[in-house]
Every structure is written in structure tokens, then in C-alpha cells.
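Protein chains get the first letters and strands the later ones, always in sequence-line order, with residue 1 at the start of each.
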2 protein chains.
Amino acid sequence: MKAWQETQLQALQTCDSEHQIFQTIVSMGAELGFDYCTYGLRLALPLSNPKIVKKSNYPTAWQAQYQTRNYCAIDPTVKHALRSSLPILWTDGLFASTADFWEEARSFGLRYGWAQSMRDSPGATGMLTLARSDETLSETELAAKAFKMAWLAQNAHIALSRRLLPKLLPEADTKLSNREIAVLRWTADGKTSGEIASIMKITERTVNFHISNAATKLNAANKTSAAVKAAMLGFL
Amino acid sequence: MKAWQETQLQALQTCDSEHQIFQTIVSMGAELGFDYCTYGLRLALPLSNPKIVKKSNYPTAWQAQYQTRNYCAIDPTVKHALRSSLPILWTDGLFASTADFWEEARSFGLRYGWAQSMRDSPGATGMLTLARSDETLSETELAAKAFKMAWLAQNAHIALSRRLLPKLLPEADTKLSNREIAVLRWTADGKTSGEIASIMKITERTVNFHISNAATKLNAANKTSAAVKAAMLGFL
DNA sequence: ATACGAGCTGTCAATATTAACAGTTGTTAG
DNA sequence: CTAACAACTGTTAATATTGACAGCTCGTAT
């Protein structure tokens, strides 16, 4: 068990490709007793149309269906994942208001499963789902495997989001100068340029200069967007 | 072991007071072999002066020292925790640039330790530190206990932040209307009121009306602050 | 039936912001 | 030495925002 975790952690952190990382996660899921495994990553930005990516070994037909019918928008496990990092078990109760979706998933062999999510500074939420067709999944089994699940969800997210993030959100690589950060911090807290000028003992012109530079770097249309992006990406 | 986790999870989630929760965490830390335990919570807001709270069973004198000298600002484990959720081991290398701080901690018996952090939607970062005076802490021991640590850091954060958050950040309890959310989303993405009016097919006046209502609810001085707060608190 | 809240709209004046122009100073890395 | 860069400042005009006034419609909960 110890050997497993050590070996696999190595594997996760040294893997070069997303594909390799995901395969490692799949095999760890298998060792926990689950054939099916999906990792979903949802970026917080842009807020009006958040980017989502998935790596999955679910049946292809189901993945396609999920995509085309935009089940992501109604999937209760996704809803839960965005709110809480507690593990969530697939139960009838959970899918009470989305019975058709649930029926359809089961018809593809996705019958017993659970998921756990995890968040990090660049405003990304990752959800790891483990599922299988055959054996029921009891609260007891879940409790017994909670440690490993917590660890796996965490490390899967760290390993995969590190690869996926720069591609999906180039702004995440931006470097802001100290002044830009300071000015954006006050901006995000609701100070006007004039107030920030007083606080920092510089001209209002200079404040606006820094804000505008930061907005350009962050690919933001105005200071509001710049402040939000910088805050969400953890620059402030 | 299974019994331990189940019992303790119960304990964590049914505890009424912060104090009880923290005591439960301390006892779990002790079972992992660590006498000392600290949970620190850092809210992202306000950005220019983030709120921080700690629960700790470190020697009182050290806690006081840490506080008065504002060691939080230089503590490398805190820096790490804000960037990454990977566990971090107290090593000489880690404290290379803060040797005095490190020496002083050791003089209080805080010699071997590690920490792991965890983030959640309301923009809060929690860090759990486990430490002891006597036995050295090897990478091997760390690896062996990584599962439990991941689980403990996660659940400690969930349980404690749930209690601490509403007190520290009353805005977290705000309810925004659907319109307010929609308008703030576009605002956060950098749209002007006029653009949002077109998108949502309402008057510019109405857009500003919703923004202003949201800002009042969120206790924000202007729309930039409202957008940042709403985004950080996960309302958007 | 009536009160309440969400959603919506109007106008006007005071402030704040952005865009576009042009430039100085001081530090640091090659 | 010099190129690059962060930090800083100035002016002007066009746009955007906020604050403070006031009032309508629709649904739903008492």
C-alpha cells in the first residue's frame, strides 16, 4: 500500500503527457475497485462562459451523449462539486430531479459511483469520479476508501491541472509587477484611482497607468475585468 | 483504522463549537504521531488586508511571538500553502532564507513538522500543520501518512471554515437575485453597462440598477469591488 | 385583496474611467 | 555603456459610472 502510493505519486509527478497522467489515475482508480474514471476541470474564467475539459474512460457513446445534450449543466454531481469538496455518492436521492439523465447513465453501465472535487488558486475546480457497473457501493466501502480518494482527487487535480491550465488560460502565466499588483489590490477592494493615488502617494495618472498596463497583460477589457482576473488567478 | 476515520468524521461534522472541532483534529493529529497542531485560515478578502485566524495548540509563548513579530508574512510554509495544495515538509532548505525564524521555532520545540493546505469556493485557504519535538520526520513516514493527511487537511478545513467563515466574512451569506448574478457576471468579464444592456435586452439604466443593488448587498463601494467579491465568493 | 419583492425604466449632474498623445528617472543585466 | 524595463508624470476629450430623484408591472405569499 505504501509502495503503491509512493510509486504512483512518482508516476503522477513525472509523467510528461496528460494522457500518461490520466492513465496513471485510471489504474489507481482500478486498484480502488472502479473500472470507470473521469476527471473534469472547470475554469472559473471567463465567468460568463466557463471553460470545461474532461478526461474520461467512460463508454464513448455516453461521453458523446453527455456532451451533445449538455448534461454538464444539469449533472447534480457537478453542481455539488462546485460547492463542496466533500465526496458525493451516487444515490437515487441525488438524482431525484434528473431521473432521465440518471437512467441513461445507468444504461451505459455507469451504475455505482462517487466523486470528489478540489479547488486551487488559479480558480480551477477539478472533479474526480470513480464508477463501476457491478458491485453496489456502500457508505461503508466509501468510508474505508475515503483517505485514498481524498489523496487521489487532490493529486490528480494537481497533476492534470498543471498541464491543462496554461493551454486553456494563457493569462495564468502572466507576471505582474509589484506596483501593478498593489494598484489592482486596492482597485479590487473598491478604491477609485484618486483614492489609490493618495494611499500610495503617487499621481492619479500613475495609478491609471499601472492599471492599464495590468489590464493589457491580463487581456482584460477594463479595470473591473483586470481586478477580477487577477484576483481569481491568485495574483493579489 | 476504518473505525477511527468513521468515528472522527462523525465527530467533525456534528461538533457544535469550533473548539470541539479543533480538539477532534488535535486528537487525530496525535494519532498520526504529532503533538502539535495548527489550523490557519486565510480569507482572500479584503484583498488589501486579508483576514487570518488560527487555532493552535503550539506553546502559548511561541504563538504570541509569531503574532507580534508578524511571522505570518515571512513563514515559508504559509507562502507555499497559498500556492500549492501539496504537502510541505519542514526542511532546512525550506527555511533557508528565514533562518532566525526557524531557529526560534525550534527553540520552542517545534522541530519536525509538515503542512498541507486546501482551498474552497468562498475564497478561503486553510492550512493544517502537524509537528512534534522528538522524532525526526522522514520522507518515508510522510509518504506513508499522506493519505490520512490529505483527508485530514480537507475535512479539518471543511469543518472549521464552515464555522469561521460567516463570522469573518458576513458577505458570504448574501443572496443575490438571478438578474444581479447575470449582470455581475458580464461586468466581471469586462463588459460595460451599455454592452450588458444589449446582451440582456434591457436598458442601461436597469443594468446599473442591478449592479448597484448587488453592490449594496455585497457591501461593496463600487461595481469593481462588487464583481470581485461576488466572483471570489463563488456567486458567479 | 394587499403587501412585498424582483424586475424594470426615466432624467440629470457630478465623478471616474479610458484612450491617445508624449515624456523623465533610476536600476539592472548583458 | 547601453538597452530594457519598472515606475512615474502630464494633457485633453470622449465615455462610463454613480447617486439621487421617482414611478410602473408582475407574481406570489399572507
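Using a 4.0 Å cut-off on heavy atoms, the residues of residues 196-210 of chain B that approach DNA chain C are B:Ile202, B:Thr203, B:Arg205, B:Thr206, B:Phe209, B:His210, listed by number. Listed by residue number, the members of residues 180-194 of chain B with any heavy atom below 4.0 angstrom from DNA chain C form an empty set.
When side chains are defined from C-beta on, A:Leu218 counts as touching A:Leu184, because their heavy atoms get closer than 4.5 Å. Between A:Met149 and A:Leu142 the shortest side-chain heavy-atom distance does not fall below 4.5 Å. Looking only at side-chain heavy atoms (C-beta outward), B:His80 and B:Ser84 come within less than 4.5 Å of each other. For the pair B:Lys167 and B:Glu18, the minimum side-chain heavy-atom distance is below 4.5 Å. Two residues are said to be in side-chain contact when any heavy atoms from C-beta on lie closer than 4.5 Å; B:Met127 and B:Arg42 fail this criterion. The closest side-chain heavy-atom distance from A:Lys191 to B:Ser225 is not below 4.5 Å. A heavy-atom distance below 4.5 Å is found between the side chains of A:Leu128 and A:Ile25. Between A:Ile202 and A:Arg179, some side-chain heavy-atom pair lies under the 4.5 Å cut-off.
One distance of note links CZ of A:Arg162 with CG of A:Leu160; it measures 10.0 Å at 0.5 Å rounding.
Not counting sequence neighbours, A:Phe235 has no partner by the ring-ring contact (aromatic ring centres under 6.0 Å, His included) test. Every residue two or more places apart in sequence or in another chain that forms a side chain to side chain donor-acceptor pair (under 3.5 Å) with B:Tyr39 is listed here: B:His157.
Distances shorter than 4.0 Å separate none of the side-chain N or O atoms of B:Ser177 from OP1 or OP2 on C:dG5.
Between the two ends of the helix from C:dA1-D:dT30 to C:dG30-D:dC1, each summarised by a five-pair axis, the helix axis turns through 60° (rounded to 10 degrees).
For the pairing with A:Tyr71, the ring-ring contact (aromatic ring centres under 6.0 Å, His included) check across A:Phe101, A:Tyr58, A:Phe108 returns one residue only, A:Phe101.
The aromatic rings of A:Phe95 and A:Trp102 lie parallel to each other, with less than 30° between the two planes, well short of the 60° mark.
Of the candidates C:dT18, D:dT17, C:dG7, the closest approach to any side-chain atom of B:Lys223 belongs to D:dT17.
Judged by closest nucleotide on DNA chain C, B:Asn178 is the one of A:Ile211 and B:Asn178 placed further toward the 5' end.
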Checklist line | Protein-to-nucleotide contact annotation, 5' to 3' order, nucleotides 25-30 of chain C [B base; S sugar-phosphate only; - none; under 4.0 Å, heavy atom] | finding: ------

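Rounded to a whole Å, the CG atom of A:Asn213 is 8 Å from the P atom of D:dA6. Across the protein-nucleic acid pair, A:Arg179 atom CZ and D:dC5 atom C1' stand 15 Å apart, rounded to whole Å.
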